[in-house]
Amino acid sequence: METPEEKQLTLDKRYIRMASIWAENSYCQRRKVGALIVKDKMIISDGYNGTPSGFENICEDEHGLTKPYVLHAEANAITKIARSNNSSNNATMYVTTSPCIECAKLIIQAGIKRVVYSEKYRLEDGLDLLRKANIEVVYINPND
C-alpha cells in the first residue's frame, strides 16, 4: 500500500507530464513551457508561454531573441484564473521550467502554496523568492 507521500509523488509525476504535453502548444522556438494549476486533484487552469491574445504567434524577433511582451506559462495560467470563478488559493502549480523572479511574485500573490517543476532555469532567484515566502518547491526529474 502506498504511503501518502508516495501517492503525492505519483500524482506530481503525472501532472508534470501533463504540463510538458501542454507546453507543446507553445509557438515559441527557444523554449516551450507549460503550466497547470491544480487544486483538490482538479486542474483549474493551464497555460503555456506565448504572445498575448490578438498578437501574432511569433515569440522571437529576427535575431532569435524572445520578444519582451511574451507571457510566461505561469502568468498565462494565473491570469486565466482571474477570468474564471476559480481561486488559486492553496493550489499547486506544475510548471516545466522553474519560475523566474517575475513569475514567482505572481505565484506568491495568487496564493499558490506549492510549485513542482521538472527543469531548472539558469537563474534561481525565482525559486529563492518562493522559498522565502514559505512556498513548497519540489523538483521532479523527468527521467525518473
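Quantities reported herein were computed from a predicted structural model and do not represent experimental measurements.
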With side chains defined as the heavy atoms from C-beta onward, is the minimum distance between L130 and I108 less than 4.5 Å? yes

Between OH of Y27 and NZ of K32, what distance do you get to the nearest 0.5 Å? 9.5 Å

Can a donor-acceptor pair be found, under 3.5 Å and without considering hydrogens, that links the side chain of D40 to the backbone of M42? no

Tell me who clusters with L65, hydrophobic residues only, linked when side chains sit under 4.5 Å apart either directly or through other members. none

Value rounded to 0.5 Å, distance of CG in L127 from SG in C100: 10.5 Å

Any donor-acceptor N/O pair, E124 side chain to R122 backbone, under 3.5 Å: no

Is the number of heavy atoms from other residues, nucleotides or ligands under 6.0 Å of E136 CD greater than 12? yes

Taking only distance into account, with no hydrogens and no angle test, what donor-acceptor pairs under 3.5 Å do side-chain atoms of residues 68-77 form with protein atoms, sequence neighbours excluded?
unit_1: N76; atom_1: ND2; unit_2: Y48; atom_2: O; d: 2.7

Interatomic spacing from CE in M93 to SG in C103 - rounded to 0.5 Å: 7.5 Å

Looking at every heavy atom in both K13 and I140, which two are closest together, and how far apart are they? CG-CG2, 4.0 Å

What pair of heavy atoms forms the shortest contact from L36 to A19, and how long is it? CD1-N, 3.8 Å

Under a 3.5 Å distance rule, please check whether S20 uses its side chain to pair with a backbone N or O of R17 as donor and acceptor. yes

Quick one: closest heavy-atom pair of A110 and S88, and the distance? O-OG, 2.7 Å

Where the side chain of S118 meets the backbone of P142, is there a donor-acceptor pair that is under 3.5 Å apart? no

How long is the straight-line distance from CG of L106 back to CD1 of I101, given to the nearest 0.5 Å? 11.0 Å

Scan residues 90-107 for pairs that pass side chain to side chain donor-acceptor pair (under 3.5 Å), counting only residues two or more places apart or in two chains. D12-Y94, E102-K105

Are M18 and L9 connected, step by step, through hydrophobic side chains (Ile, Leu, Val, Met, Phe, Trp, Tyr) whose heavy atoms are closer than 4.5 Å? yes

Got D46 and I37 here, is their nearest side-chain heavy-atom distance under 4.5 Å? no

Main-chain N/O of K41 paired with Y15 side-chain donor or acceptor, under 3.5 Å: yes

Under 4.0 Å between a side-chain nitrogen and a carboxylate oxygen: does that hold for R31 and E60? no

Value for CG (N86) from NZ (K80), rounded to nearest 0.5 Å, stands at 11.5 Å

Minimal heavy-atom distance between I112 and A91, with the atoms involved, is CG2-O, 3.4 Å

Is there a path of hydrophobic side-chain contacts, each under 4.5 Å between heavy atoms of I, L, V, M, F, W or Y residues, that connects L129 with V115? yes

For R114 and Q8, run side-chain contact (heavy atoms from CB on, under 4.5 Å): C-alpha distance rounded to whole Å, both residues' side-chain angles, the deciding distance at 0.1 Å, then the answer. CA-CA 12 Å; R114 204 164 165 266; Q8 186 61 59; 3.5 Å; yes

List, by chain and number, the other hydrophobic cluster members for L123, where Ile, Leu, Val, Met, Phe, Trp and Tyr join if side-chain heavy atoms come within less than 4.5 Å, directly or indirectly. Y121

Give me the atom names and distance for the closest heavy-atom approach of I107 to P99. CD1-CG, 3.8 Å

Would you please say whether a donor-acceptor pair under 3.5 Å links the side chains of E2 and T10? yes

Can you list everything that forms a side-chain contact (heavy atoms from CB on, under 4.5 Å) with T3? Sequence neighbours excluded, please. E5, E6

K67 atom NZ, over 12 foreign heavy atoms within 6.0 Å: yes

So, the side chain of S26 versus the backbone of N49: is there a donor-acceptor pair under 3.5 Å, distance only? yes

List the residues meeting ring pair (Phe, Tyr, Trp, His ring centres under 6.0 Å) with Y139, not counting sequence neighbours, and say none if there are none. Y117

Beyond-backbone contact of I81 with I44, side-chain heavy atoms, under 4.5 angstrom: yes

Contact summary for I16 and V116, nearest pair of heavy atoms: CD1-O, 3.5 Å

Does I135 share a hydrophobic cluster with V138, counting links as ILVMFWY side-chain heavy atoms below 4.5 Å and allowing steps through other members? no

